[in-house]
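Structure first, then comments.
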Amino acid sequence: MVFIFIFLVLIFLPVGFLFLFNYIPFSNSEYRKETGYSYLKVFSDLGLRGEYYTVSKLSKVKGYHRLVVNVYLPKEENKTTEIDVVFLHESGVYVIESKNYSGWIFGREEDRNWMQVMGRQKNSFYNPIKQNDGHIKHLLSNVPSIPSYLIRSLIVFSERCTLKKIDVKSHHVYVFNRNKISKYVDNTPRLNKQTIDAYYTELKRYSNVPANIKGKHIKDIKNKQISSQS
């Protein structure tokens with residue numbers, strides 16, 4: 001019995017330390033405060049975990065800021081579009097599409113689909129620049145108080161992937177790995193605290209939406225995928 005006890009301690013003690021190492025910063029994070037998500041929900045979902053890591057990086061950027069996460073904006077045909085993160089900073093408004101991918105990533109701004117390569121496996125996915133262009137379009141239509149010249153489109157990939165051949169021409173679009181995020185936030189002050197707070201209030205009403213709106217959004221995406229394959 002003693003040996004079994006020691007064996008179990010040796011196995012579960014490191015797991016416990018790892019849990020506390022992740023849980024404590026998560027419980028105090030802006031991401032948890034903005035979303036209300038539990039630790040288990042976030043760390044069991046690859047996409048949410050990527051959003052959390054992205055927000056953690058943004059929280060360390062110097063200058064006054066507010067964050068809005070999972071923004072569901074109305075669009076045509078009674079549907080919604082979801083923005084992963086809107087970072088309201090004194091230098092501007094950053095609309096962020098988070099891709100928590102691994103492998104090699106290939107893509108050009110004008111392509112419809114990009115490619116993820118992991119060994120011999122290849123997976124195509126919708127061009128995240130075009131995806132974020134749609135987000136920005138609906139952001140401007142739903143929150144007209146935000147001028148378009150303040151907006152930057154950030155496509156943030158995880159550190160686990162390598163951006164092999166990425167071709168971007170638009171001056172307001174940036175594609176990079178998450179650990180470089182602070183380099184893509186401008187240092188030029190353009191917004192004061194009152195304006196940032198006002199934008200936050202307008203956007204916040206589209207965040208933390210009821211479960212039925214989230215469910216319909218997911219259903220609409222699945223139906224679109226099925227239609228495109230048929």
Side-chain angles (χ1 to χ4, degrees), residues 45-55 57-58 68-77 79-87 92-143 146 148-181 183-185 203 206 214 216-230:
D45 185 295
L46 189 63
L48 295 182
R49 200 185 324 152
E51 288 179 2
Y52 164 63
Y53 289 142
T54 295
V55 168
K57 294 287 185 183
L58 290 168
V68 192
V69 184
N70 302 143
V71 181
Y72 289 82
L73 296 169
K75 64 177 187 177
E76 58 278 357
E77 299 179 357
K79 296 180 180 179
T80 55
T81 188
E82 182 190 3
I83 303 175
D84 290 336
V85 183
V86 180
F87 184 58
V93 177
Y94 299 83
V95 180
I96 298 170
E97 176 63 26
S98 175
K99 296 296 184 187
N100 201 23
Y101 290 1
S102 56
W104 290 358
I105 307 297
F106 299 82
R108 299 179 301 173
E109 184 174 351
E110 63 269 25
D111 294 337
R112 174 175 173 76
N113 294 308
W114 284 18
M115 186 67 66
Q116 176 194 36
V117 178
M118 296 184 293
R120 295 183 179 181
Q121 183 179 353
K122 295 182 179 180
N123 303 307
S124 67
F125 59 99
Y126 185 56
N127 182 339
I129 296 177
K130 293 184 182 296
Q131 185 179 4
N132 223 27
D133 284 345
H135 295 160
I136 292 169
K137 170 189 171 183
H138 295 292
L139 172 65
L140 292 172
S141 65
N142 284 282
V143 190
I146 298 178
S148 60
Y149 71 85
L150 284 176
I151 292 183
R152 302 289 182 270
S153 176
L154 306 187
I155 314 301
V156 182
F157 283 87
S158 83
E159 299 91 337
R160 296 178 294 107
C161 76
T162 301
L163 303 177
K164 294 296 287 185
K165 291 183 180 179
I166 306 296
D167 183 30
V168 179
K169 295 182 173 64
S170 297
H171 70 279
H172 70 289
V173 177
Y174 305 92
V175 182
F176 53 90
N177 293 103
R178 188 164 47 220
N179 57 345
K180 298 178 181 178
I181 201 164
K183 296 180 180 179
Y184 292 90
V185 176
L203 283 167
Y206 297 109
K214 293 182 180 180
K216 185 178 183 304
H217 176 78
I218 294 171
K219 183 179 179 180
D220 289 340
I221 291 175
K222 290 181 178 178
N223 289 339
K224 184 178 179 180
Q225 291 172 343
I226 292 171
S227 298
S228 65
Q229 293 170 359
S230 60

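Numbering starts at 1 and runs along the sequence shown. Note that the structure is a prediction, hence the values are computed from the model and not measured. Scope of the values below: all heavy atoms of this structure, side chains included, with no hydrogens, waters or symmetry mates.
- The two atoms that bring Pro128 and Phe125 nearest to each other are CD-CE1, 3.8 Å, heavy atoms only.
- The minimum heavy-atom distance linking Ser141 with His138 is given by the pair OG-O, 3.0 Å.
- The backbone N or O of Arg49 lies less than 3.5 Å from no partner atom in the side chain of Asn100, so there is not a single donor-acceptor pair.
- For the pair Trp114/Ile166, a side-chain contact is recorded, criterion being any heavy-atom separation below 4.5 Å from C-beta on.
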Using side chain to side chain contact (heavy atoms under 4.5 Å, CB included), reason through Leu58 and Ile96 one step at a time and then give a plain yes or no. CA-CA 11 Å; Leu58 290 168; Ile96 298 170; 3.4 Å; yes
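- Under the 4.5 Å side-chain criterion, counting only non-hydrogen atoms from C-beta, Leu154 is in contact with Phe176.
- A salt bridge links Lys169 with Asp167: the distance from a Lys NZ or Arg NE/NH1/NH2 to an Asp or Glu carboxylate oxygen falls below 4.0 Å.
- A side-chain donor from one of Gln131 and Lys99 sits under 3.5 Å from a side-chain acceptor of the other.
- Note: Lys180 NZ to Leu163 CG = 7.5 Å, rounded to the nearest 0.5 Å.
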Worked check of side chain to side chain contact (heavy atoms under 4.5 Å, CB included) between Ile155 and Tyr174: CA-CA 6 Å; Ile155 314 301; Tyr174 305 92; over 6 Å; no
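- In this structure, the side chain of Asn127 engages the main chain of Ile129 through a donor-acceptor pair within 3.5 Å.
- The side-chain heavy atoms of Asn123 and Met118, taken from C-beta on, include a pair separated by under 4.5 Å.
- With Arg152 contributing its side chain and Tyr149 its backbone, the two residues share a donor-acceptor pair below 3.5 Å.
- Here the straight-line distance linking atom NZ of Lys57 with atom CD1 of Ile181 works out to 9.0 Å at 0.5 Å rounding.
- Remark: the backbone N or O of Glu51 is not paired with any side-chain donor or acceptor of Asp84 at under 3.5 angstrom.
- Taking both residues in full, the closest heavy atoms of Asn132 and Val95 are given as ND2-O, 2.9 Å, listed atom of the first, atom of the second, then distance.
- More than 12 heavy-atom neighbours from other residues, nucleotides or ligands sit within 6.0 angstrom of NZ on Lys130.
- The structure places NZ of Lys137 at 14.0 Å from CD1 of Ile151, a figure rounded to the nearest 0.5 Å.
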Trace of the side chain to side chain contact (heavy atoms under 4.5 Å, CB included) decision for Val71 with Leu139: CA-CA 9 Å; Val71 181; Leu139 172 65; 5.8 Å; no
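- In this structure a side-chain-to-backbone donor-acceptor pair under 3.5 Å is present from Ser158 to Tyr101.
- In this structure, OG in Ser98 is found 6.0 Å from CZ in Arg178, a value given to the nearest 0.5 Å.
- Val185 places a side-chain heavy atom less than 4.5 Å from the side chain of Phe87.
- Arg108 is not listed as a side-chain neighbour of Lys165, based on a closest heavy-atom distance of 4.5 Å or more.
- Annotation for His135 and Leu73: closest pair O-CD1, 4.1 Å, computed over non-hydrogen atoms.
- The minimum heavy-atom distance linking Ile105 with Cys161 is given by the pair CG1-SG, 4.0 Å.
- Distance OG/Ser124 to CG/Asp111: 11.5 Å, rounded to 0.5 Å.
- Atom NZ of residue Lys216 and atom OG1 of residue Thr80 lie 6.5 Å apart, to the nearest 0.5 angstrom.
- Closest non-hydrogen pair, Asn113 versus Tyr126, comes out as OD1-CA, 3.5 Å.
- Under the 4.5 Å side-chain criterion, counting only non-hydrogen atoms from C-beta, Gln116 is not in contact with Trp104.
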